[in-house]
Protein chains: 2
Amino acid sequence: MFSKACEYGIRAAIYIGQQSADSGRRVGLRDIATEVGSPEAFTAKVLQQLVRAGLVTSVKGPTGGFTLTPEQLRTVTLRQVVLAIDGGQMLQGCALGLTQCSAKQPCPLHYQFLPIRDQLNEVLRTHTIGELAGKVHDGLGFLRQFS
Amino acid sequence: MFSKACEYGIRAAIYIGQQSADSGRRVGLRDIATEVGSPEAFTAKVLQQLVRAGLVTSVKGPTGGFTLTPEQLRTVTLRQVVLAIDGGQMLQGCALGLTQCSAKQPCPLHYQFLPIRDQLNEVLRTHTIGELAGKVHDGLGFLRQFS
DNA sequence: TTATTACCGGATGATTTTGTCCGGTATCTG
DNA sequence: CAGATACCGGACAAAATCATCCGGTAATAA
């Protein structure tokens, strides 16, 4: 569905959001990677993308780390995170890989996939990181395996 | 959404199906790759997977090529093609990459993605290659770009 | 100011996916 | 039977993705 980078990015963003909403405190890379079950260095790369896109805030130095501002918690959607990391291929590309697939020249699956893609876009558009973070905070969702 | 291999495989299967239904004639690899806009040698690999899975029939030698039997035209679904090439990751895996994501320990997106995945499975399960081939035959669907 | 902390950025490497090449083999035609 | 055709299968190569390493830099704390 999404790339590994995007999976890590979403999980990391939600974890950062949870900690930010919880106590306003910043979380370090090591902490994030541990809690989310992702490779540390690779996660750093992904987070840099999110920071550059303005979806996550970072602070250098001691007591530094990553955080989501109240505004980011409220406004950043899943869709923005996915777009920043994976681009729009999954969200708008043709299911059969045709570069110009439209009502004018549809692939044989065009109309079958329209509602699926619409629903996917809807889910990504209507869920904020802050909302998902709340779900994790309430024990209604998990970001890694617990064995 | 799907891998390149899978995109090529679906397009190729539909084209073979269209020619088979049309006149029962077999189509060669070169012909398929041209009509579907895919790399020839790579498409051969993908088609071999479909032949081994029993979803497409191949005949060697002169006048040989690929074909779909009437039974294959009637029964082979898109879902079978996708499973043969990409496996079940897209159809059942967790959107956030958790290896054990279930109602018992759901990711924060688990319930949001359930209906999407259900709908995707439904579309793949209820459409046969033969049906899609008919759509292409009737000019209601295209398998490559026409510029 | 100085040392430490922790993100930043580029270089590098491993793995998977994508794509090519070519000899082998089955099969049809003459 | 001989020759040509076209799929089969393995080896190989290129590109994208996934992942690591390490020095640089900004910021904090003593």
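Letters A, B, ... are given to chains in the order of the sequence lines, protein chains preceding strands, and every chain is numbered from 1.
Put simply, A:L98 and A:F113 are part of two different groups of oily side chains (I, L, V, M, F, W, Y) that touch within less than 4.5 Å, one to the next.
The shortest side-chain heavy-atom distance between A:L140 and A:K135 falls under the 4.5 Å cut-off.
The distance from atom CG of A:N121 to atom CD of A:Q92, rounded to the nearest 0.5 Å, is 8.0 Å.
Proximity of residues 46-62 of chain B to DNA chain D (heavy atom under 4.0 angstrom from any strand atom) is restricted to B:Q48, B:V51, B:R52, B:S58, B:V59, B:K60, B:G61, B:P62.
If B:K45 and B:F66 are placed on DNA chain D by their nearest nucleotide, the residue sitting closer to the 5' end is B:F66. Mapped onto DNA chain C by nearest heavy atom, B:A41 and B:R26 fall at different nucleotides, with B:A41 at the one closer to the 5' end.
Rounded to whole Å, atom P of C:dT17 lies 14 Å from atom CD of B:E7. Rounded to whole Å, the distance from CZ on A:F42 to C1' on D:dC18 is 5 Å. Separating the CZ atom of A:R30 from the P atom of C:dA6 is a distance of 8 Å, rounded to the nearest angstrom.
Of the N and O atoms on the side chains of A:T67 and A:S20, at least one donor lies less than 3.5 Å from an acceptor on the other residue.
For D:dA19, one of the phosphate oxygens OP1 or OP2 lies less than 4.0 angstrom from a side-chain nitrogen or oxygen of A:Y8.
In this structure, the nucleotide among D:dG10, D:dT28, C:dC8 sitting nearest to the side chain of A:T63 is D:dT28. Out of D:dT28, D:dC18, C:dT20, the shortest distance to the side chain of A:K4 is found at D:dC18. With distances taken from any side-chain atom of B:P39 to the nucleotides D:dC7, C:dG19, D:dA19, the minimum falls on C:dG19.
Just one of B:L124, B:V46, B:L50 meets the side-chain contact (heavy atoms from CB on, under 4.5 Å) condition when paired with B:V81; it is B:L50.
Remark: the backbone N or O of B:S3 is paired with a side-chain donor or acceptor of B:D86 at under 3.5 angstrom.
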